[in-house]
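Since this is a predicted model, take the numbers as computed values, not measurements. Both counts, for ligands and for their atoms, begin at 1 and track the order of listing.
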Amino acid sequence: MNKVLPMTKTENPQLMNITKSQIQAFEGDEFHKRSLELLSEKLVKSGLNVSNLIAKIAAFQIAVPSWALGAGGTRFGRFSIGGEPRNLEEKLEDIGLLAQLTKKTEAVSLHIPWDIPEDYMQIKAKAESLGLKFDAMNSNTFQDYGQKESYKMGSLGNASKSIRDQAIAHNVEVIRIGEKIGSKALTVWLADGSNFPGQAHFRNSLQWTIDSLKKIYREMPSDWKLLLEYKPYEPNFYHTIIPDWGTSSLICRQLGDRAKVLVDLGHHLPNTNIEQIVATLMHQNQLAGFHFNDSKYGDDDLTTGSIKPYQLFLIFCELISGDTDGAQARDSISWMIDASHNVKDPLEDLIQALEAIAIAYAKALLVDRSKLEEAQNSGDVAGAQEILQAAFQTDVRSLVAEARMQSGGAADPLEVYRSLKVRENLIKERGTGSKATGM
Ligand code: LRH
Ligand code: MN
């Protein structure tokens, strides 16, 4: 039976900070050791190196979005969760906690203006004290937040030059903020498009967008990357200027080789073969990175791996294959979650998402790629599926848990989070009505 150590104010002035001993007090699954032994035996038998696998899984880190630490909502409503971070400092503390429990995240992706740091040096120091760095910065020209001209009819692709210039200036401001806190990338997602036939001039709005992005690209420091995110619809429901990977890719090619395509898993029409898109972008060295989430219908921003875990596995199979074959190196790709929590505790949702991503990656590492290529080249269709299924159907949770524990993380992060009553303590500290900025 696990000894539960109550959280004490004196022990950790910042209520959020859980100590190593509190984490290690939870031994987790009593079968962990035995299932890991059995799995390791099986993996060694198929020629795999278990400590190498554990090292790879432990090293795989995913950035957390600053806009997904409060309760999300839809146009039909938003249900507060209580204890939500009231400012950027508290958001960093929440992500610091995730990092302590899961050892799967060491970076945060900020969204401007939702998270403009009041004091750059202070926020940089705060992040460092929590073992966090700043991943891609996100600009926002899809809302009005007091800027001079409205983005109702678009931003970088707006027919009005002054509105395009305003949107360009905003993106440049976001780059300057990012430079101050050590970020090295700008993510641009545009809601720009139209709701009715005839409303927009397709070719003019595309050209305005390309010209605007060229001006932004020129303002990026030489070691920065531009991640261009596509989305087929919402908030515009007739056309979106950058609706798919092909359009994003052709624009990136006109910007330069530091501009690549960002794949948000929720930004595809139903039944789109996303793993093929990933393979094609890697083939062209055009893959910038991911916004991980899951969906049943539209851009539902549900917990990664909660709806289509096999698709997530197949995407990681392409990523590992492309990395191993030199199509595109894994460390040139940005890994981020982009989710919105309508009914779950945001931190529990993120713990589950980080776990699902680690599991999909671990399963994909088990694929016998030379046997698979043999089956593919010899037309052994059923054989090829058997090789994928053998990896996908392998329970790798003990391997992922071992990698986490060897990195100082919790055996079972969700169990520790709940047993230490973190949300209850956050509500005590921040109140039931605190509302985080973001989606
Ligand atoms: C658009 C999007 C984009 C963000 C926003 C929060 O749907 O995926 O990445 O800017 O969500
Ligand atoms: Mn996204």
Exercise for review: Taking the Mn ion (ligand 2) as the reference point, name the nearest N/O/S atom of D338.
Suggested key: OD2

Review point. Does Y151 reach the side chain of Q166, with side-chain heavy atoms less than 4.5 Å apart?
Key: yes

Practice item. Please say whether the positively charged group of R423, taken as NZ for Lys or CZ for Arg, lies over the ring of Y417, i.e. under 6.0 angstrom from the six-membered ring centre and within 45 degrees of the axis. Key: no

Point to revise | Any N or O of W114 closer than 3.5 Å to N or O of ligand 1 | key: no

Review point. Counting each atom of ligand 1 from 1 as listed, which ones have a heavy atom of W67 under 4.0 Å away?
Key: 6 (C)

Point to revise | Proximal heteroatom of H291 relative to the Mn ion (ligand 2) (N/O/S) | key: ND1

**Study point:** atom 4 (C) of ligand 1: the protein heavy-atom neighbour that sits closest, reported with distance to 0.1 Å
**Key:** H111 NE2, 3.7 Å

Exercise for review: Taking only Lys NZ, Arg NE, NH1 and NH2, and the carboxylate oxygens of Asp or Glu, determine whether R176 and E219 approach each other closer than 4.0 Å.
Suggested key: yes

Check your understanding: Which protein non-hydrogen atom lies closest to atom 8 (O) of ligand 1, naming both residue and atom, and how far is it?
Key -> D338 OD2, 2.7 Å

Study note, to complete from the structure: Near D264 (heavy-atom distance under 4.0 Å), the atoms of ligand 1 are 8 (O)

**Study point:** Check: Y145 main-chain N/O paired with Q143 side-chain donor or acceptor under 3.5 Å
**Key:** no

Check your understanding: Are side-chain N/O atoms of Q207 and N204 paired as donor and acceptor at under 3.5 Å?
Key -> no

Check your understanding: Does K363 make a cation-pi contact with F392, if we ask for NZ or CZ under 6.0 Å from the ring centre and within 45° of the axis?
Key -> yes

Practice item. Give the atoms of ligand 1, by number and element, whose distance to some non-hydrogen atom of D299 is under 4.0 Å. Key: 7 (O)

Review point. T303 pairs by side chain to side chain donor-acceptor pair (under 3.5 Å) with which of Q352, E348, K344?
Key: K344

Check your understanding: Near the Mn ion (ligand 2), is there an N/O/S atom from H267 that is less than 2.8 Å away?
Key -> no

Exercise for review: Find the distance between CD1 (I216) and CG (L255) and round it off to the nearest 0.5 Å.
Suggested key: 9.0 Å

Practice item. Give the atoms of ligand 1, by number and element, whose distance to some non-hydrogen atom of H291 is under 4.0 Å. Key: 9 (O)

Check your understanding: What N, O or S atom of E229 is found closest to the Mn ion (ligand 2)?
Key -> OE2

**Study point:** Nearest-neighbour protein heavy atom for atom 9 (O) of ligand 1, which is reported as residue plus atom name and distance
**Key:** E229 OE1, 2.7 Å

**Study point:** Contact check, E234 vs ligand 1, heavy-atom distance below 4.0 Å
**Key:** no

Revision key, fill the gap. For D264, the N, O or S atom at the shortest distance from the Mn ion (ligand 2) is OD2

Review point. To the nearest 0.5 Å, how far apart are NZ in K91 and CG in L88?
Key: 7.0 Å

